[in-house]
Amino acid sequence: GDISGSFSNVVLNGILSTQVGELALDANCLMNDDFSKLNFNSYVETEGVDLGKLLNKENVFGKIALNLNLTGVYDKSKKGADATLDGAISSFGLNGYEYNDIVINGEVSPSSFTGKMAMKDENAILDFDGKIIWDSGFPKGDFHLSVDDFSPYRLNLTKENKDLWLGFDLYFDYLDDKSITRSAEFRLDNLVVKNNDKVFSTYPIVFSSAVRDSIILLKLDSHLAQAELEGRFSLSKLPNSFKALRDHYFPLLKSEQQPEYKADNHIFFSLKNIHIDKLAEVLNQRIFIDSTSYLKGEIDDRHGAFYVEGRIPRLGIKKFRFRDTKIDLSNDDGATLLHFSTKMFGPKSNKPTDLAIMANVVPNFIDWGLTWNNRDFYGQLDFSTRLFKTEENQLMADIAIRPTTFTINGDRWMVNEANIKTDFKRFEVSDFALEGNEQHIRLDGMIGNTFEDSLNVDLRDVRLSYIMNLVNVHQVELDAMLTG
């Protein structure tokens, strides 16, 4: 190619050949006297540059073919360029799929885009028109995104529901009147989900936000569910609240390279009026949840306090059903308390099993218990778990099993005191024993993934039917006495 002009006014015309492909370039670049600004007017064309090889991410990106007019100004003080784009991307490889027929026309800056983009691929039709700003704080802008004939399976976005197609219109409107009140609204209209001969559609789904006197209110209003998040918080730092709680109760899980997460959020949240059963049916997910179910809570970083309360009268997940599920989570004097209870119905069973879990969590220590009762099989198990690190900085867990009892078909069994140590790859079992009615099951040894690991199992007069019931195997009727 050719390079001409002066040091401050360069004209480029030619073909750049590399190991990842060829790029045709026709550009005029004009630099100001102090080299703080660069004006450019260019045309770029390629029939296939391998972005995966160029960016060393071949498992994500493929080749890109495009022709693009690019005109604008690079400003060193802004650390970015303001430019006008006009052109087309004929093909673009992403996650093993090649997108086709993308047209773009608009103005772009380091923090915004204004214009139009459209794609007419055989597995996705998209049309964007408007402005979006992605600087710090709330996203801003005013745009309409239309999506039609969108196939997540064919686009390699999911491995399930190969006959699933989506369509919707997304409207975004951000209002900032430079006063103490700000508001934004996402509106999802004309949502249609198709899966074979099943079709789901719903009324508009509206996500809105408003800020007044530093109080932020986020709302989800739809026929699928209603949710609210309100308080004094930073949206970008909201995950820090959960990371700070994790680091407080499980500091050993934090690596030395991780920063100390600090948060100053105070939020109230709620979720209610849930109606997802029809959508779940179209997605071939066997899920049902009672519409009167709810979840609510509060997180107060300044005082290190939080609570979560959940009630689910009826819940179905595949072949299992649950009734009267209750979840209560709170902290007091530096300890987290968990209470969970439910009535569980197994496949083809009308006899409920009452389940309850109670836990007390302090830094690097969990004290918890499990109780159950379905008339024929009832009892409890109690555990305490301590996290620690070895001199080699290996994370370990020391699980102590406390003496308890349970009953199977009228036979009472004792759970003896035992211990399990693990690095989460191998489990060392010491003195585990179940004993009752001159029967016993005793375990000692190592459970792992190497040939050197061995577990000693000692059985005496154990009915095979007990074991079959414990592991929930009912397809074959087997019974015997096991000793060995």
Side-chain angles (χ1 to χ4, degrees), residues 252 320 338 340-342 344 346-347 349 351 353-361 364-392 394-484:
L252 291 177
F320 290 88
L338 168 67
F340 171 85
S341 63
T342 189
M344 184 180 71
S349 174
K351 184 187 297 184
T353 298
D354 294 326
L355 293 175
I357 299 175
M358 293 174 289
N360 186 355
V361 184
N364 294 324
F365 190 88
I366 307 173
D367 196 14
W368 60 287
L370 167 68
T371 62
W372 68 94
N373 185 357
N374 70 352
R375 298 180 185 177
D376 297 328
F377 183 27
Y378 56 89
Q380 71 180 64
L381 293 173
D382 287 332
F383 306 87
S384 64
T385 302
R386 179 178 65 91
L387 298 178
F388 66 97
K389 283 189 175 181
T390 65
E391 294 180 355
E392 293 77 20
Q394 171 64 52
L395 181 65
M396 301 284 293
D398 190 346
I399 305 170
I401 303 175
R402 298 192 183 95
T404 52
T405 62
F406 63 86
T407 301
I408 305 177
N409 295 327
D411 293 337
R412 189 167 181 264
W413 287 76
M414 298 287 296
V415 180
N416 291 344
E417 185 174 353
N419 182 266
I420 300 175
K421 289 184 179 180
T422 178
D423 60 358
F424 305 97
K425 296 179 182 178
R426 305 169 71 213
F427 296 83
E428 181 182 358
V429 182
S430 302
D431 302 324
F432 179 83
L434 302 178
E435 298 180 344
N437 298 326
E438 298 184 352
Q439 307 171 74
H440 67 239
I441 302 175
R442 296 172 181 167
L443 305 176
D444 266 290
M446 184 72 71
I447 303 174
N449 54 6
T450 67
F451 290 108
E452 292 77 17
D453 297 330
S454 64
L455 179 69
N456 297 320
V457 181
D458 182 9
L459 304 176
R460 179 181 177 184
D461 293 338
V462 178
R463 295 192 68 92
L464 181 59
S465 59
Y466 288 168
I467 300 177
M468 301 290 279
N469 286 331
L470 285 174
V471 298
N472 198 30
V473 175
H474 303 287
Q475 290 85 352
V476 179
E477 294 293 335
L478 293 176
D479 197 8
M481 302 299 291
L482 302 178
T483 299

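Since this is a predicted model, take the numbers as computed values, not measurements.
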Does CD belonging to Gln394 count more than 12 external heavy atoms closer than 6.0 Å? yes

Side-chain heavy atoms of Thr385 within contact of Trp368, under 4.5 Å: yes

Point-to-point distance, once rounded to the nearest 0.5 Å, from CZ of Phe424 to CE of Met396: 8.5 Å

Rounded to the nearest 0.5 Å, what separates atom CZ in Phe365 from atom CZ in Arg386? 8.5 Å

Approximate separation, where rounding is to 0.5 Å, of Asp444 CG and Leu455 CG: 8.0 Å

CD1-CD distance between Ile420 and Glu428, expressed to the nearest 0.5 angstrom: 10.5 Å

Is the CZ atom of Arg412 crowded by more than 12 outside heavy atoms at less than 6.0 Å? no

With sequence neighbours excluded, what pairs up with Asn360 under the side chain to side chain contact (heavy atoms under 4.5 Å, CB included) test? Ala335, Leu337, Val362, Asp367

Which atoms form the tightest heavy-atom contact between Ile447 and Asp453, and what is the distance? C-OD2, 4.4 Å

Heavy-atom side-chain contact between Thr371 and Leu355 under 4.5 Å: no

Taking all heavy atoms of Ala418 and all of Phe432, pick out the closest pair and write down the distance. CB-CA, 3.6 Å

Rounded to the nearest 0.5 Å, how far does CG of Asn373 lie from CD of Gln380? 11.5 Å

Looking only at heavy atoms, what is the nearest atom pair of Arg426 and Gly448, with distance? CG-CA, 4.1 Å

Asp431/Asn419 under side chain to side chain donor-acceptor pair (under 3.5 Å): CA gap, chis, key distance, verdict: CA-CA 7 Å; Asp431 302 324; Asn419 182 266; over 6 Å; no

Check whether any side-chain heavy atom of Asp458 lies under 4.5 Å from a side-chain heavy atom of Asn456, and answer yes or no. no

Under 30°, 30 to 60°, or over 60°: which ring-plane class applies to Phe377 and Trp372, parallel, tilted or perpendicular? perpendicular

Side-chain ion pair, Arg442 and Glu435, N-O less than 4.0 Å: yes

So which heavy atom on Phe383 is nearest to which on Arg402, and how close? O-NH1, 3.4 Å

On a heavy-atom basis, the closest approach of Ile357 and Leu370 is CG1-CD1, 3.8 Å

If every non-hydrogen atom of Val415 is compared with every non-hydrogen atom of Leu434, which pair is closest and at what distance? CG2-CD2, 3.6 Å

